[in-house]
There are 2 protein chains.
Amino acid sequence: MKGIRRLAEHLSISIGTVSRALNGRPDVNEATRRRVLDAAAELGYVPNQAGRTLRQGTTNAVGFMMEAGADTSGNPDNFFFGVFDGVQAVLSRHQLDLVVLPCATDEDPTEYLRRMIARRLVDALIISATHRKDPRVELLNKAHVPFIALGRTGTPSDHPWIDLDFEGVANRAVDRLVAKGHRSIAVAVPSSDINLGVIFLQAYKEALARHGIAFDQSLVIYTSSSEQGGYQAAHELIGMAQRPTAILLVYELMAIGFYRGLRDAGLNPGQDVAVIAFRESPLSRFLSPALTCFRVSLRDVGIGLGESLLASMPAYADIYPQGIVRRVWPMELVEGDSDNARSS
Amino acid sequence: MKGIRRLAEHLSISIGTVSRALNGRPDVNEATRRRVLDAAAELGYVPNQAGRTLRQGTTNAVGFMMEAGADTSGNPDNFFFGVFDGVQAVLSRHQLDLVVLPCATDEDPTEYLRRMIARRLVDALIISATHRKDPRVELLNKAHVPFIALGRTGTPSDHPWIDLDFEGVANRAVDRLVAKGHRSIAVAVPSSDINLGVIFLQAYKEALARHGIAFDQSLVIYTSSSEQGGYQAAHELIGMAQRPTAILLVYELMAIGFYRGLRDAGLNPGQDVAVIAFRESPLSRFLSPALTCFRVSLRDVGIGLGESLLASMPAYADIYPQGIVRRVWPMELVEGDSDNARSS
DNA sequence: CTGAAAGCGCTTACAG
DNA sequence: CTGAAAGCGCTTACAG
């Protein structure tokens with residue numbers, strides 16, 4: 001005999017009562033509950049999740065889908081880990097667990113997600129690395145799986161999402177550079193159709209317009225979000241007929257390669273070319289010159305994701321009554337030395 | 001009506017036959033099997049995993065436990081993602097899925113693992129970031145959950161493991177530096193009790209001994225495996241009465257901080273202090289000077305982990321007859337410019 | 001080759 | 001407040 005049956009036998013009561021006691025139902029004698037709880041601890045009883053899932057139709061787990069594709073995992077580990085930590089802080093309030101679902105590089109993300117949904121491993125999902133057009137959104141809507149996206153997408157849908165404030169970043173970065181005399185500002189964005197590149201580029205254009213600077217398509221460098229991509233960006237920038245005096249890098253990892261590329265050509269980052277990169281990470285301040293970039297509390301983003309996801313799940317909607325959350329997350333400027341020099 | 005019952009009704013056959021057809025059992029008429037397979041595709045039927053798990057006692061999923069603790073996630077994302085990719089390549093051969101279990105920073109790893117085991121979410125586990133003494137090993141043994149460790153541990157147990165060849169790294173690094181005239185070689189290792197630090201340090205001592213160099217405890221810098229840790233290491237090194245002419249850094253991320261720390265003191269990495277760091281990552285070659293370090297195919301390590309894990313699971317042991325694998329994984333030297341200068 | 005039935009471990013109306 | 005029973009969706013001996 002195993003499981004709840006064994007526990008019930010041990011206590012000479014019915015499995016129904018054991019179950020009710022364990023699950024905190026009010027209609028149980030307190031003395032009985034104590035005995036059950038004590039015996040469960042003593043015998044190391046833990047309910048079999050498959051049994052519960054089959055009966056209740058819920059897994060008590062939330063999935064976080066990740067892709068290893070260059071344009072997102074270029075971020076250091078701590079990006080996602082910071083977010084996980086916040087998500088878990090929320091989920092643990094309700095005995096929910098977070099499981100991360102990594103999509104293999106050789107598998108189509110949409111097919112992967114389809115499989116994971118069919119497997120019914122989780123009750124709800126968080127997706128990240130949203131694309132301009134993202135078929136995963138339709139898939140999740142059709143399957144009626146509650147989900148939230150970390151990142152906006154152009155695919156029409158009324159799902160909840162949280163995204164970083166790329167517009168604010170572009171605005172403040174351009175303002176800063178213009179204030180220091182720069183008029184020719186390049187930008188390096190991902191060459192994939194990941195949506196943040198599109199949003200960032202659009203905001204960059206509008207910021208230039210505010211300052212009466214004409215947008216120049218040739219100053220947009222499409223490259224990969226990695227050290228290598230930054231190196232290539234430097235190469236392209238150096239090769240321009242009129243060399244820009246400043247550049248915005250969407251990913252901080254690009255800065256390592258960009259610095260190197262500039263130096264290989266005898267130029268000094270921060271001096272010959274002002275650099276502002278997107279997200280602050282530990283490396284930002286240890287590079288020389290220290291990177292001017294933008295900070296966000298990953299844990300807070302994770303908490304936001306967790307709470308907003310629960311708000312969209314019927315079983316938790318009354319505890320988190322915020323409805324369908326669509327939120328642009330503010331970021332804070334961190335001044336470094338990479339954009340100090342004034343443009344002549 | 002739902003699930004397999006619906007499919008069976010649609011075809012006017014029994015659910016038993018549907019199940020056998022779907023699961024590739026030989027005792028099914030081929031024409032029947034075709035009809036079932038076609039109908040399943042048409043109706044989008046996918047077996048409910050909870051039902052299968054309850055009946056079969058297996059989840060067809062493998063877990064990979066991760067900790068966000070500084071000394072391991074200091075690695076860039078691609079470390080674990082590269083490994084996941086290899087693991088998944090193996091698991092997918094058998095319709096097994098990989099789920100990643102991230103332990104929150106505020107939760108005790110052993111307690112977390114205990115919960116995950118009790119939850120019966122996965123059939124087997126991969127653990128990483130093994131410590132000198134690792135209670136998770138005993139826990140997994142006691143629970144009779146098949147597992148493999150990425151990393152050795154001092155905790156006695158006959159479980160399978162794969163670990164990187166820290167001994168080889170220490171040996172070759174010391175040999176190189178000694179050949180260039182260095183006799184005073186510092187080493188920066190994690191201050192936590194993560195086991196690789198212990199192994200690396202031991203191998204470093206033995207390598208010095210081979211060259212008749214006395215081990216000097218004051219040249220061992222205990223610090224965190226991060227940019228910040230590297231910066232501190234530089235600070236400590238600079239403050240030494242007799243400044244070492246070379247240093248071994250266990251994590252490549254340390255190099256960023258170490259370079260910065262040296263430069264802040266007016267010293268040049270690679271020139272005033274030779275640097276060899278441990279694992280090659282994209283940043284290695286974009287730093288200036290490019291880092292001399294050691295390369296490993298993460299995907300191959302993942303494949304090794306996957307196959308060795310399956311070899312330890314009764315259901316797959318006949319397909320992977322390698323028994324209990326305990327393997328030190330070789331690494332390849334990548335020459336950079338950070339250890340070029342000869343010591344005078 | 002196929003069907004009918006048992007049973008995996010739970011939770012939850014329903015009676016009492 | 002507690003017990004007996006049904007049933008979640010599957011797979012698998014067992015009969016035929």
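Letters A, B, ... are given to chains in the order of the sequence lines, protein chains preceding strands, and every chain is numbered from 1. Hydrogens, waters and symmetry mates play no part in the numbers below; they use all other heavy atoms, side chains included.
Judged purely by atom type and a 3.5 angstrom limit, A:N195 has no side-chain atom pairing as donor or acceptor with the backbone of A:T130. Listed for the B:Q88 side chain is no donor-acceptor partner under 3.5 Å among the backbone atoms of B:D97. Counting only distance, with no hydrogens or angles, the side chain of A:T32 and the backbone of A:V28 share no donor-acceptor pair below 3.5 Å. A donor-acceptor distance shorter than 3.5 angstrom exists from the side chain of B:R35 to the backbone of B:L11, with no hydrogens or angles considered.
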Output field dot_bracket for DNA chain D (Watson-Crick or G-U, both distances under 3.5 Å, | for other-strand pairs) contains |||.||||||||.|||
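Nearest nucleotide to the side chain of A:I13, out of D:dC10, C:dC1, D:dG3: D:dG3. Between C:dC8, C:dT2, C:dT11, one nucleotide has an atom nearer to the side chain of B:L54 than all others, and that is C:dC8.
The CG atom of A:L7 sits 14 Å away from the P atom of C:dG9 (whole-angstrom rounding). Across the protein-nucleic acid pair, A:R5 atom CZ and C:dG7 atom P stand 11 Å apart, rounded to whole Å. Protein atom CD1 of A:I4 is 12 Å distant from nucleotide atom P of D:dG3, rounded to whole Å. The nearest whole Å value for the distance from the NZ atom in B:K2 to the C1' atom in D:dG7 is 13 Å. Between the CZ atom of B:R55 and the C1' atom of D:dT11 there is a distance of 4 Å, given to the nearest Å.
OP1 or OP2 of D:dC8 has not a single side-chain nitrogen or oxygen of A:Q56 nearer than 4.0 Å.
Near DNA chain D, meaning a heavy atom under 4.0 Å from it, residues 17-27 of chain B has B:S19, B:R20, B:N23, B:R25 in order of number. For DNA chain C, the neighbouring residues in residues 31-52 of chain B, judged by any heavy atom under 4.0 Å, are B:T32.
The aromatic ring centroids of A:H10 and A:Y45 lie 6.0 Å or more from each other.
Backbone-only engagement by B:G3 is indicated by non-hydrogen atom pairs under 4.0 Å involving sugar-phosphate atoms exclusively. A:I15 comes within 4.0 angstrom of a nucleotide base, judged by non-hydrogen atoms across all strands.
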A:D27 vs A:R25, salt bridge (charged side-chain N to carboxylate O under 4.0 Å, His left out): CA-CA, chis, key distance, verdict: CA-CA 6 Å; A:D27 54 348; A:R25 291 299 156 85; over 6 Å; no
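Using a 3.5 Å distance cut-off with no hydrogens or angles, the side chains of A:N23 and A:R52 do pair a donor with an acceptor.
Ring geometry for A:F147 versus A:H159: interplanar angle under 30°, hence parallel rather than tilted (30 to 60°).
Between A:E9 and A:R6, no side-chain nitrogen of the basic residue sits less than 4.0 Å from a carboxylate oxygen of the acidic one, so the salt-bridge criterion is not met.
A:L96 places a side-chain heavy atom less than 4.5 Å from the side chain of A:Y316. At a threshold of 4.5 Å between non-hydrogen side-chain atoms, the residues B:I126 and B:M65 do not count as touching.
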